[in-house]
Each structure stands twice: as structure tokens, then as C-alpha cells.
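Any value given below was found using the heavy atoms of this structure, including those in side chains, with hydrogens, waters and symmetry copies removed. Chain letters run A, B, ... following the sequence lines, proteins first and then strands; every chain starts at 1. The structure presented is a predicted model; accordingly, all values stated were derived computationally and were not measured.
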2 protein chains.
Amino acid sequence: MPEKSAYQGCPQCSRINEVLGRVGDRWSVLIVLSLAQYKVLRFNELKRHLGISQRMLSLKLRELERDGLVNRTYHPTIPPKVEYALTDLGYSFYEPVKTLGTWALDNLPNIDEARAEFDMQADEKKSA
Amino acid sequence: MPEKSAYQGCPQCSRINEVLGRVGDRWSVLIVLSLAQYKVLRFNELKRHLGISQRMLSLKLRELERDGLVNRTYHPTIPPKVEYALTDLGYSFYEPVKTLGTWALDNLPNIDEARAEFDMQADEKKSA
DNA sequence: ATCGCAGGTATCGAAAGTATACCAGCCTCG
DNA sequence: CGAGGCTGGTATACTTTCGATACCTGCGAT
């Protein structure tokens, strides 16, 4: 009998998993970081700043807006202008994200080093 | 001319992006959280605790080991026993991750609320 | 002898991400 | 005038990743 397994792990893990699945991806984190830094950014400013594809940016911004982290303001000027900014909830998310981003910047070398060593040892075993 | 665009965004974003691409995904975060809590866990303990597929767990653990966050100890007993624990680097990653996890737990209701309201307004517009 | 658990690997379809092209409206430059 | 460029997007096609499931080896218990 092919295991039914509706078990989703411990409840706390499920909940954290759920939130991270919504706002915990790379692009959402980077968008929040950028908006926290610049307060207000237009669509193409974000796009150029992040080096993200238009499609992804469009999707992620709508997601973040839906989840109440980002505010979208459409100015019906010529040419049209759309501005994005963090909401209060977005700024509260910025706090933990900032510490994560800082850790990331500080520890990239450590990770690279560990990775290089791991790969080296793997090579040794392979050629042994 | 179809835009060549090798531009990857601001350097800082690229670097953060890079690290997050390695250890910033949902499962890595949850594995680190679990290991920080229980100190040592076996493969299937983690699997059951997280509700993750074997394949993913296997991949993520190897990744985390490669990146120096997790230590894998193989006990050639009968039956074989494999234990996973955080390294020092792993524990240092736990700090920012903990604040992220806490935020996630605290703010799931807020996100749900924002989302419900957004969807409601979208429905109104649709039927207007 | 068959089942179960241990810790995986192999396979395959679905989902997510990327690259690219295209759109409408207006502006400028030649 | 008309070619192109900027605005903020969609639409399409392709590729990478993810997730569910099945299978494997080796042992021990029923």
C-alpha cells in the first residue's frame, strides 16, 4: 500500500513553512531590503536595481502587495508612474530580514571556504 | 537587437542573492531551526519532524553539509545510524533565522488578514 | 519468506523561475 | 513623418527545481 502520508511535520514547522513559502523567497527578501533602503521605488527602478526579470518582479510585487507588505501607488500621469513602498507590516518584516542579509554578507566567505574544502575532500576520495 | 543584459543588479544585492540562493530556502531554514532546537537528529527524525520528502531532505542536508552549516556523522552500526548537528557556522546562522522564524509565527495572522482583504477588494472590483 | 525500518537513490510529472517577445500610449530625434 | 525609446506591464516558450512515489541494500523480528 503506497503510504498515504498526509503528515505535514510538527505544527510549528508547518506554520513557519507556510509563511516562508509566501514571503521567504530570495526575490521577496531582496525587494523588501531595497524598499527599506530607498523608501520608494518605481517598477523599473526595482527591476534595474535587482537584476530581476520583469515577469518575476511583477509577480512578486503583486504577491507582496497581497500579503500586505508592500503598497502600490499608481499615478495616472504621462507617462504612467507606479511607486512601491513598504507598509508597516513590511517594515516589521525588514527587521528580521536585515539581520539575515547582514549575516549573508558577513558569511559568504565562510561558506565559500567550507564549500571549497568539502569539494576538495570529495575529489580526494574520488581519486583514491 | 535583443538586449544582451548581463547586468545583475547592484553588487550587494547580487551577493545577498547568492547566499540566500544557497541557504535561504524554506527547507534549509527549517532544518537549521530543528537542529538548533534538538542539537542532534537522525535522518528519519528530521524527515518526520519536518514533513519533507526524503529526496529533498537528502539534497538539502548534503548542501548544508557542503556549505559548512551542518555536520554529518555516520555510525556504521546495525542498523546504520546517521546523525546531523549544526556546526559553529550553522549556529551563527541560527541567530538571524530564529528572528525570522519568530516573525513568521507572529505575523501569519496579519498576512492572512491582509490577504483576505486584498482578495475581497479584488472580488468587488471584478463584480463591479 | 515476508514484512518492517534504516538511509538513501532513481524516476517522472508538476510547479516555479528565466529569457524573450510583444503591447499601448506618449515623447523625442532625425 | 516615422523609427525608436520610455513607461509598466502580459504572453509565450523553455529550463531548472520540487515533490511524490517507487525502489534498493542489509538486517532483524514475526
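- Remark: C1' of D/dG9 and CD of A/E45 are 16 Å apart, rounded to the nearest angstrom.
- Taking atom CD1 of residue A/I52 and atom P of nucleotide C/dA16, one finds them 16 Å apart after rounding to whole Å.
- At whole-Å resolution of the value, NZ in A/K47 and P in D/dT10 are 15 Å apart.
- When rounded to the nearest whole Å, the span between CG of B/L50 and C1' of D/dG19 equals 15 Å.
- For the OP1/OP2 pair of D/dG19 and a distance below 4.0 Å, the side-chain nitrogens and oxygens of B/W27 include at least one atom meeting the criterion.
- With C/dA6, D/dG9, D/dG19 as the candidates, the nucleotide lying closest to the side chain of A/V82 is D/dG9.
- In this structure, the CG atom of B/N17 is 13 Å from the C1' atom of C/dT18, given to the nearest Å.
- Between A/D25 and A/P80, the residue whose closest nucleotide on DNA chain C is further toward the 5' end is A/D25.
- Contact annotation: the side chain of A/Q54 approaches that of A/N44 to within less than 4.5 Å [non-hydrogen atoms, C-beta and beyond].
- Listed in residue order, the members of residues 58-76 of chain B having a heavy atom less than 4.0 Å from DNA chain C are B/S58, B/R62, B/R72.
- In this structure, CZ of A/F43 is placed 10 Å from C1' of D/dT7, rounded to the nearest angstrom.
- At whole-Å resolution of the value, CZ in A/R42 and P in D/dT7 are 6 Å apart.
- For B/Q54, the side-chain atoms get nearest to D/dA22 when compared with the rest of D/dC18, D/dA22, D/dT10.
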CA sep, side-chain torsions, deciding dist, call: A/D25, A/K60, salt bridge (Lys or Arg N to Asp or Glu O under 4.0 Å): CA-CA 9 Å; A/D25 62 290; A/K60 288 305 168 188; 3.4 Å; yes
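- For C/dG8, the OP1/OP2 oxygens have a side-chain nitrogen or oxygen of B/Y84 closer than 4.0 Å.
- When the options A/R42, A/H75, A/K39 are evaluated for a side chain to side chain donor-acceptor pair (under 3.5 Å) with A/E83, the one that passes is A/H75.
- Which of C/dA6, C/dG8, D/dG8 sits closest to the side chain of B/R48 comes down to C/dA6.
- Aromatic ring orientation, A/F93 versus B/W103: tilted (interplanar angle from 30° to 60°).
- Hydrophobic clustering, with ILVMFWY side chains joined whenever heavy atoms are under 4.5 angstrom apart, keeps B/V40 apart from B/L89.
- A/S58 OG to A/R62 CZ: the interatomic distance, rounded to the nearest 0.5 Å, is 4.0 Å.
- Positionally, the nearest nucleotide of DNA chain D for B/S53 lies more toward the 5' end than for the other of B/I78 and B/S53.
- Although no hydrogens or angles enter the test, the distance criterion places no donor-acceptor pair under 3.5 Å between the side chain of B/S28 and the main chain of B/G24.
- For B/R55 against C/dG8, no side-chain N or O and base N or O form a donor-acceptor pair under 3.5 Å.
- One interatomic measurement links the two molecules: NZ of A/K81 to C1' of D/dG9, which rounds to 18 Å at whole-angstrom precision.
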